Number of protein chains: 2
Amino acid sequence: MRTTDLRVMKTKQALHNALLTLLSQKPLEQISIAEICREAKVNRGTFYLHYEQKEGLFEEYFQEIMEDLYQSYEEPYRAVTTLDTNHLDPNTIRIFHHIERFKMFYRIVFSKNVPLTYYYMLFDGIYSLLKRDISTHHVHQMEDHISIDYYSAYQANAIIGLIIQWYRGDFSDSVTMLNKQLAAILKNVRSGE
Amino acid sequence: MRTTDLRVMKTKQALHNALLTLLSQKPLEQISIAEICREAKVNRGTFYLHYEQKEGLFEEYFQEIMEDLYQSYEEPYRAVTTLDTNHLDPNTIRIFHHIERFKMFYRIVFSKNVPLTYYYMLFDGIYSLLKRDISTHHVHQMEDHISIDYYSAYQANAIIGLIIQWYRGDFSDSVTMLNKQLAAILKNVRSGE
DNA sequence: GATTTTAATGAACAGATGTTCAATATCTAA
DNA sequence: TTAGATATTGAACATCTGTTCATTAAAATC
């Protein structure tokens with residue numbers, strides 16, 4: 001079962017398209033594997049040859065979205081030569097732009113009946129991006145008994161906390177608003193009482 | 001279908017016990033509704049009279065756990081009369097103790113094939129506790145354009161970020177270590193560079 | 001304690017799941 | 001271009017899901 005095999009690629013493509021078609025009609029939890037296979041004109045047994053659950057199929061789709069997240073994050077690095085990366089700069093991280101762009105998608109990711117897998121994919125993405133920055137820029141100025149892993153997990157999930165709040169308001173606030181909130185929180189928390 | 005009806009209570013108790021028995025043998029995702037009903041000697045139709053999915057049953061179990069979280073949180077308030085609640089004090093919040101106490105349970109909550117529901121239950125719990133404190137103690141000293149909702153979501157999910165990292169190391173770090181990490185992070189982030 | 005209310009049961013249903021298998025179609029590599 | 005490799009198919013199977021219904025059993029209320 002090599003990934004370059006034309007038969008495999010064709011099958012996966014068909015399943016991919018079928019899922020997207022069905023997702024435009026109903027939520028993921030109401031779509032059955034049998035249904036996807038009927039739509040894709042692929043034998044149900046073939047599905048199980050490549051995936052365990054419909055979630056695995058959706059996961060592949062997520063990979064592409066995460067590519068955009070990485071690019072959104074790198075963007076400011078390409079534009080500016082020297083970057084002030086002392087603490088997370090909300091103007092440089094473009095995470096909220098990315099979420100906004102794929103909000104149809106993230107409505108699924110954050111819906112309550114979906115498995116945690118997707119949440120972790122987003123978490124891991126943000127985590128690794130932040131960790132890279134924290135490791136290179138902040139390590140010298142940080143309390144030395146702070147674990148970088150815990151610190152990165154803290155910061156990454158804090159941002160997702162904002163996204164959850166945003167999602168629960170159906171993404172009605174603007175990206176600018178979100179960026180300002182993050183900037184204000186970081187500023188406030190740093191200045192103390 | 002009144003909740004005080006003895007028949008209902010007996011049925012729910014039986015399903016509850018059956019779930020706990022099975023959970024000690026295999027993960028939630030490998031347990032079927034039919035299996036729970038066989039174990040509980042309850043008709044499968046009766047199950048659907050009370051719940052939609054096995055997750056609903058697990059959710060009821062979660063409610064009891066959350067009761068402990070609330071109590072853990074209130075505990076320091078009962079001990080000390082006046083409390084310094086300027087910013088989150090890791091010594092007063094007993095969240096990590098609570099997680100430690102129910103780590104068997106939280107291993108399920110954070111496992112990747114489980115629906116987001118439980119995550120949100122934990123999030124909402126921490127969120128509401130923090131929000132209450134933030135509203136009463138911090139509002140006067142905070143940048144006035146910070147939304148308390150966003151700020152609470154940020155802080156609540158940041159703490160869960162630490163818990164996720166903790167969970168991924170199978171809770172091998174000590175509660176003390178976690179408390180220290182949180183204290184150091186809050187201190188570090190506040191003092192700036 | 002008798003009556004009314006209602007929860008639980010068992011049976012039956014169409015459809016979904018997850019797995020296996022031999023037969024077939026389609027690709028790859030020589 | 002052919003021979004070998006392997007992905008796909010269709011069929012079959014036991015089990016699970018979600019739902020309906022008349023019947024039975026057990027509670028609540030009087």
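Bear in mind that the values here come from a model prediction, so they are computed numbers and not experimental data. Naming: A, B, ... by sequence-line order, numbering from 1 per chain.
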Whole angstroms only, please: what is the [atom1]-[atom2] distance between [X] and [N]?
X       : N      : atom1 : atom2 : value
A:Leu49 : D:dA5  : CG    : P     : 19 Å
B:Glu35 : D:dA14 : CD    : P     : 19 Å
A:Arg7  : D:dT9  : CZ    : P     : 11 Å
A:Tyr51 : C:dT19 : OH    : P     : 17 Å
A:Leu6  : D:dA5  : CG    : C1'   : 15 Å
A:Asp5  : C:dA25 : CG    : C1'   : 12 Å
A:Tyr48 : D:dA14 : OH    : P     : 18 Å
B:Gln13 : C:dA8  : CD    : P     : 13 Å

Within the 4.0 Å heavy-atom criterion, would you say B:Lys54 contacts the bases, only the backbone, or no part of the nucleic acid?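 Result for B:Lys54 = nothing.
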
Side-chain N,O ([X]) to OP1/OP2 ([N]) below 4.0 Å:
X       : N      : answer
B:Arg38 : D:dC16 : yes
A:Thr11 : D:dT8  : yes
A:Lys10 : C:dC27 : yes

Of all the choices, D:dG10, D:dT8, C:dC27, which nucleotide is nearest to the side chain of A:Asn43 once you look at every atom?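 The nucleotide sitting nearest to the side chain is D:dG10.
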
Decide if the gap between the ring center of A:Phe105 and the ring center of A:Tyr118 is smaller than 6.0 angstrom.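 No, too far apart.
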
Pairwise 5' ranking along DNA chain C for A:Ser32 and A:Gly45, keeping only the more 5' one: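 The 5'-side residue here is A:Ser32.
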
So among B:Asn157, B:Ile160, B:Leu122, B:Asp149, which one has a side chain to side chain contact (heavy atoms under 4.5 Å, CB included) with B:Tyr127?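 Going through B:Asn157, B:Ile160, B:Leu122, B:Asp149 one by one, the side chain to side chain contact (heavy atoms under 4.5 Å, CB included) with B:Tyr127 is satisfied by B:Asp149 alone.
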
In terms of side-chain geometry, is the basic nitrogen of B:Asp124 or B:Lys131 positioned less than 4.0 Å from the acidic oxygen of its partner?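 Answer for the salt bridge query: no.
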
Once you measure the plane-to-plane angle for B:His98 and B:Phe102, does it fall in the parallel (<30°), tilted (30-60°) or perpendicular (>60°) bin?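 It falls in the tilted class, 30° to 60°.
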
Residue closer to the 5' end of DNA chain D, B:Ala34 versus A:Arg44 (nearest nucleotide):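 Of the two residues, A:Arg44 wins.
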
How many angstroms lie between CE in B:Met121 and CD in B:Glu59, if you round to the nearest 0.5 Å?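 Rounded to the nearest 0.5 Å, the CE-CD separation comes out at 5.0 Å.
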
